[in-house]
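In what follows, chains are A, B, ... by sequence order, proteins preceding strands, each numbered from 1.
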Amino acid sequence: MAEETQTEAPAVVETMVVKVDGREVEVPKLTEDWQGNLVPTTVLQACKHAGNEIPHYCYHPKLPVAGNCRMCLVHVGMPGRLGPDGKPPTNEDGSLKIDPMVLPYERQTPKGVIGCATNLVPGMEIYASSPETKQMREAVLESLLINHPLDCPICDQAGECKLQEYSSEHGQSESSFAEYKVHKPKKVNLGPRIILDAERCVLCTRCIRFSRDIADDDALGIVNRGSYNTISTFLDTPFDNNYTLNTVDLCPVGALTSKDFRFQMRVWFLKETRSLCSSCGTGCNTLIGSRENTMYRYEPRENNAVNGPWMCDSGRLNYKWIGREDRLSEVTGASGWATAIIEISAKLEEAQPGSVAIIGGARQTNEELYLLKKLANKLEAITDSAPRSGQGDNLLCCPDKNPNSAGSRLIGIANEDLGSRFAEIAQGIEAGTITSLIVFGDDVTKHGIDETLLDKLDLLVVSDILPNATTSKAHYLLPGCAHTEKRGTFTSVKGQVQKFMKALDGPGNARPEWEFLHELAENTTGQNGFSTIEGLFNQMAEEVEAFKDKELTWASLGNEGVTVEI
Amino acid sequence: MCPTIVNNVETLCNVKHIVEMGAEQYTKLGTPNNTGTRLISLSGDVKQPGYFEIETGKVTLGELIYDENFGGGVRDGNGLQAIIPGGSSSKVLRAGETFPIGEDEVDLLDVPYDFDTLMKIGTMSGSGAIIVIDDSRNIVECLANLAEFYAHESCGQCTPCREGSLWMNKALHRMTHGGARTEDAEYLLHIAQNIQGRTVCAFGEACSWPVLSFVNKFKHEFEAKSLNTTDKETASTP
Amino acid sequence: MAKEVQRVKLSLWERLFFPTLINGFKVTLGHFLSFKKSKVYEHKNKTNKFKTTLNYPEELWSVPEGFRGAPYLVNDQDGSTKCVSCQLCEFVCPPKAIRITPPGIDGEDAHREGAEKMPEDFEINMLRCIFCGFCEEVCPEQAIFLAKDYYEGYNEKLMNRDYALTGSNREEMVFHKDKLLERGGTHHDRIKKWEKKTQDAKEQESFPVTMAEKNIND
């Protein structure tokens, strides 16, 4: 492994020099396009290298280039046409002659090029902040705004709207427009999750290109001509694939809005927390938008190793359970956390080796599963995780609906086939050889250990988030936290170890599982451990083979995680 | 999808001559660099509107309008006001204008109808569709008519043309329906200048050039529109 | 370098604190025996020129001209709530006295067609409010105004305007939407932009292709 990585020297990147605002900038000759193919670098990308962001609506790095918004118009200087000698015209000192582009029929008027679709030419000069460029931007913004309803007070996009941002950055304070605005359909039901306000639309066609080229559902198109252009589905066909909400993120303005987020909260109140989607094994990177302990939305967070900038609708909308009224919030079976932990650890210490079974759900974090594994090693306990499967697709949805099955396997809680040891555990309980059961985050009654078997147990410790048949049988019920309420790591089905941060507080007396598991493990095994998530992760990384190979530490995970061998 | 070609009638017309005469003979028609024939569609205020085939550069604009073989003169004995020489998107030419061609100052009616000369005088021969406007027409209303056409034709793909073409149409509609303002000439120029050269296709130029040329060459007409109170709803409106 | 301030050494007599007490009583006694006309209550004290106290709440404090009042919500002349729940006032409010509950997708329809939404609840904690007027300034809808309030049972002949923001507990001092609207009264809206927009849409333009009726409320 180590030798291999050494031989993979970084490919030599060919560069070229262009002038941006009079400053020479070295940029790569080729840049990845939306599909990851290397294509010639564009003016827009060169300006980005130079730290000069060109405003744009229709351009998106992960979508095919359309070049229709004209917001990225920049004035450039080009070398002249090749002369009869096959050489471009030069200045007196022999350097390449660069002429600012002008209209061919009106040579006093500067001509702009669109940054998103114009490839760099050797010697090119980009006047990214010249008065000519500014005038072009002002004019395009004025055009975009003449028929815009300017209803920011009732628009959910306000605060993260590119039209607002560019208007204040590049726009004029007033428009000469003296006519009536075009009125288009508002509050259009495009599909089960999307509302269209056609008046706000800038017709960048990002949503159309996304549906067609990424989601593979050519559902959207433009109807009518000229200023009456409107985004529409075909007749009454609903826009209802599993990726529709990405168009809401893509929409630079408030034309496409989410029904789920409609009029719920203004975006400037939302605190953003880096997190992960826990709905399947893909482990899409997310941003949680929360305010004062209420979660309002998930947004995808770009991670090219996992989900790109997208995520599926089903995962995105799967957060309502976090705020449910019936969340478990109190310890039962003991007067509180302290007594519960002491009593449980006393009982576990007395337990015969091999008489304990531990179910560590694959929705628990790597750290929690690691602590459960430590406990299991001490008690010589049999362990497993419950499988969850569902529908997958070719894009992001994974048929494995557990967010951390890979982690469960790597840490040794479950073997390759999740849930294969449940029958053995059930038999053990039936035969009386297993007298204690510890369950974290799974409803074992759905996996062959039914209520009558649970009644036979001397000790049933259950930690979960929501009530189920298993929690109702628990001798000790330890309320845990959702992944939005604690820190930790998940290992995706492809082996990406990624961390997530805490956005909310757990309800009532609920505590992050790793926190009380640490106490339980310490009491039972007698080994002191780390009481911080960073320390715990680093300790785990030393002991779990796959993590050790990559020399993982909490810090080295970064925001995008590290891929380990699975 | 199958490849499709739609041939212009003029192309087929040329093909016929070339096949019949041979290429060498064909290039001897017309003037140097402007060889062959052109199909002219003469319309507007002429006595005999219709299609004519001419040798490129061998006929002047004046002949096309006044010659008995072609237009036969301006309708109803009116005077000439303007000529749109190459389809409605080409820049308009005002009657009585003179242009420096070579060493001479040439009158509009003596301008030969070919590609290079029309380009030299700031317009184009384009599709060869000549529109003649006589002096009974209000030039603002003529432009309003053109603008309405272009607003309808704009596909809406890119921003400047999509928004600008309807904007110009609305402004001209307002001007011709009693709402003209003194600043409207500048206002129209402002809109049109922000379309030309900034669009995906040449339609941006096509819709902005008529406006630019009409307003530049007939500025007084546009300014007069705001002072003309007869067609205003209320005379007191500023 | 930090500056050290020396504590003043008090003598034994001063440390008894009697002198300050006595000084205080002197002021009170001075007012009690004063024959100077009180300027603050001048206009109230027609009968007793020398009175220095008020019989609140029968008599009210006269409010200085500069007082702008407390923030209240307004309806327009048609009785429609003007607030569209944009939450800018909530954002700008320095003491965080304003709290808006947005309507969500299932909320009550806005009174004006086209305005699309209005707040489910609008709370102003008058105990936190500092009457700075930022909310009025930032409001894009002219829906919140600082208004001078009148005492309940206000009789114009007897009483002048008053600060009167009273309540018997903290909960009462959190004014909700209904109370704020009631106190704010009516603001004459000359533009009526939402109605105008809807009207314009209906009259001025006929959209070329009518889209299938897909209104979300259906």
Q | Steps toward side-chain contact (heavy atoms from CB on, under 4.5 Å) verdict (C/Asp106, A/Arg262) | A | CA-CA 9 Å; C/Asp106 303 318; A/Arg262 186 171 171 86; over 6 Å; no
Q. Can you check salt bridge (Lys or Arg N to Asp or Glu O under 4.0 Å) on C/Glu113 and A/Lys187, steps first, answer last?
A. CA-CA 12 Å; C/Glu113 195 187 345; A/Lys187 282 204 282 183; over 6 Å; no
Would you be so kind as to tabulate the donor-acceptor pairs closer than 3.5 Å made by side chains of residues 131-138 of chain C, with sequence neighbours excluded?
unit_1: C/Glu136; atom_1: OE1; unit_2: C/Leu146; atom_2: N; d: 2.9

Q. Hey, are the side chains of A/Arg266 and C/Phe91 touching, using non-hydrogen atoms and a 4.5 Å cut-off?
A. no
Q | Side-chain touch A/Lys181/C/Asp200, heavy atoms, less than 4.5 angstrom | A | no
Q: Counting only heavy atoms closer than 4.5 Å, note whether A/Glu292 contacts chain C via side chain, backbone, both or neither.
A: side chain
Q: With sequence neighbours left out, write down each residue that passes side-chain hydrogen bond (donor to acceptor under 3.5 Å, both in side chains) with A/Arg206, or none if nothing qualifies.
A: none
**Q.** Neighbours of chain C found in residues 150-161 of chain A - heavy atoms under 4.5 Å
**A.** A/Leu150, A/Asp151, A/Pro153, A/Ile154
Q: Kindly determine whether A/Met265 and C/Gln87 satisfy side-chain contact (heavy atoms from CB on, under 4.5 Å), including the steps that lead there.
A: CA-CA 9 Å; A/Met265 186 47 65; C/Gln87 297 182 284; 3.8 Å; yes
Q: Pick one of side chain, backbone, both or neither for C/Ala110, based on which atoms fall under 4.5 Å of a heavy atom in chain A.
A: neither
Q: State the CD1-CD1 distance between C/Ile105 and A/Ile195, to the nearest 0.5 angstrom.
A: 4.0 Å
Q | Choice from C/Lys193, C/Glu141, C/Arg99 maximising heavy atom contacts with chain A below 4.5 Å | A | C/Arg99
Q.
Test of understanding: with ring-ring contact (aromatic ring centres under 6.0 Å, His included), list the residues that count as partners of C/Phe145, not counting sequence neighbours.
A. C/His187
**Q.** Considering all heavy atoms, the nearest C/Cys86-A/Trp268 contact
**A.** O-CZ2, 3.3 Å
Q | Side chain to side chain, A/Lys186 and C/Glu116, heavy atoms closer than 4.5 Å | A | yes
